[in-house]
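See structure below.
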Amino acid sequence: MTGIEFLASFITTGRLHGIGIGSTLAEVDRALQHRCVDVIGEGGASLRRDYGFVELYFNPGEEWVMSGGSIELHRLANAPELAGRWRGSTGVEFAPYTAWADVRAALSRIGPVPEFTVTDQGGFLEFRAEASCVSVLVVDDEEEERGYHAGHGDVWSVSLWAPVRVN
C-alpha cells in the first residue's frame, strides 16, 4: 500500500492499522510490531510512544488507552530511513514528500470525501475532518520549497484527536 492510500483511509476512518482512539496499549502492540521509544510523562500522567515519524499518545487508567496520535510526514524529507523501516514492519510505503493534492485525489477514489473545516494556521492550512477526528496540516507558504522539509502544498502532518465529550 502506498502512503497516500494509507493516509486517505486514515483520514476517512480515524483508524491506523485497525487501532484508534480508545485502543489499549496491548491492541496497539499487536497492530504495530515496529520499534518504538516510550516516553512517560511526569508522575505517569501520560505516555507518548514514538515510532520515528508516527507518534501515539495514551492516557492512564486500569490500562493505557490511546487518546491521539500524529503522523509527522515532514520528518521523512530529512530521514527517509524512517519510511524504509515503517515499510518493513507495516507494508506501507511513504515517499519523502506527500502532496495534499495527491491525498485529495485518493480520497475521491475511495468513497465520499470527508467534509473538511479549513483554518489558516500561519504558513499552514489545517483541514479538519470532524467525523473521523483527523486533521491534516498542509504547508501554505508559497516560498517553501521541497528540500530538508516539505514544500508548498505538501502534507506536514496528520493528527488524530479524541473528541470532546459534553456532559
Is there a side-chain contact between [X] and [Y] (heavy atoms, below 4.5 Å)?
{"X": "Leu32", "Y": "Ile19", "result": "yes"}
{"X": "Val54", "Y": "Glu72", "result": "no"}
{"X": "Leu56", "Y": "Leu47", "result": "no"}
{"X": "Leu7", "Y": "Ile71", "result": "yes"}
{"X": "His17", "Y": "Val28", "result": "no"}

Linking Ile, Leu, Val, Met, Phe, Trp and Tyr through side-chain heavy atoms less than 4.5 Å apart, which residues share a cluster with Val39?
Val37
Show every donor-acceptor pair shorter than 3.5 Å between a side-chain atom in residues 129-143 and any protein atom, with sequence neighbours excluded, or say none if there are none.
from	atom 1	to	atom 2	distance (Å)
Glu130	OE2	Arg128	NE	3.3
Ser132	OG	Ile11	O	2.5
Ser135	OG	Glu126	OE2	3.3
Asp141	OD1	Glu143	N	2.9

Approximate separation, where rounding is to 0.5 Å, of [X] [atom1] and [Y] [atom2]:
{"X": "Ser67", "Y": "Ile21", "atom1": "OG", "atom2": "CD1", "value": "6.0 Å"}
{"X": "Ser159", "Y": "Phe10", "atom1": "OG", "atom2": "CZ", "value": "8.0 Å"}
{"X": "Cys36", "Y": "Glu55", "atom1": "SG", "atom2": "CD", "value": "11.5 Å"}

His149: what forms a ring pair (Phe, Tyr, Trp, His ring centres under 6.0 Å) with it, not counting sequence neighbours?
none
same_hphob_cluster(Tyr51, Leu25) at 4.5 Å side-chain heavy-atom cutoff:
yes
Tell me, please, which residues at least two apart from Ser89 pass side chain to side chain donor-acceptor pair (under 3.5 Å).
His34
Residue set satisfying side chain to side chain donor-acceptor pair (under 3.5 Å) with Asn59, at least two apart, ordered chain then number -> none
Taking only residues two or more places apart in sequence, or in another chain, which ones meet Thr2 in a side chain to side chain contact (heavy atoms under 4.5 Å, CB included)?
Ile4, Glu5
Set of residues satisfying side chain to side chain contact (heavy atoms under 4.5 Å, CB included) with respect to Thr24, sequence neighbours excluded
Ala26, Glu27, Glu63
Those residues that, when tested against Arg15, pass salt bridge (Lys or Arg N to Asp or Glu O under 4.0 Å) (two or more places apart)
none
So does Glu145 have more than 12 non-hydrogen atoms from other groups sitting under 6.0 Å from CD?
no
Would you give me the side-chain donor-acceptor pairs under 3.5 Å for residues 76-86, sequence neighbours excluded?
from	atom 1	to	atom 2	distance (Å)
Trp86	NE1	Thr90	OG1	3.2

NZ/NE/NH1/NH2 to OD/OE distance under 4.0 Å, Arg35 and Asp50:
no
Salt-bridge present (Asp38, Arg48; N to O < 4.0 Å):
no
Residue pairs passing the ring pair (Phe, Tyr, Trp, His ring centres under 6.0 Å) test where at least one lies in residues 55-84, sequence neighbours excluded
His74-Trp156
Show me, pair by pair, the donor-acceptor contacts under 3.5 angstrom made by side chains of residues 93-116, not counting sequence neighbours?
from	atom 1	to	atom 2	distance (Å)
Tyr97	OH	Gly147	N	3.3
Tyr97	OH	Gly147	O	2.5
Ser108	OG	Ala105	O	2.7

Among Leu125, Thr119, Val118, which residue satisfies the side-chain contact (heavy atoms from CB on, under 4.5 Å) criterion with Gln121?
Thr119
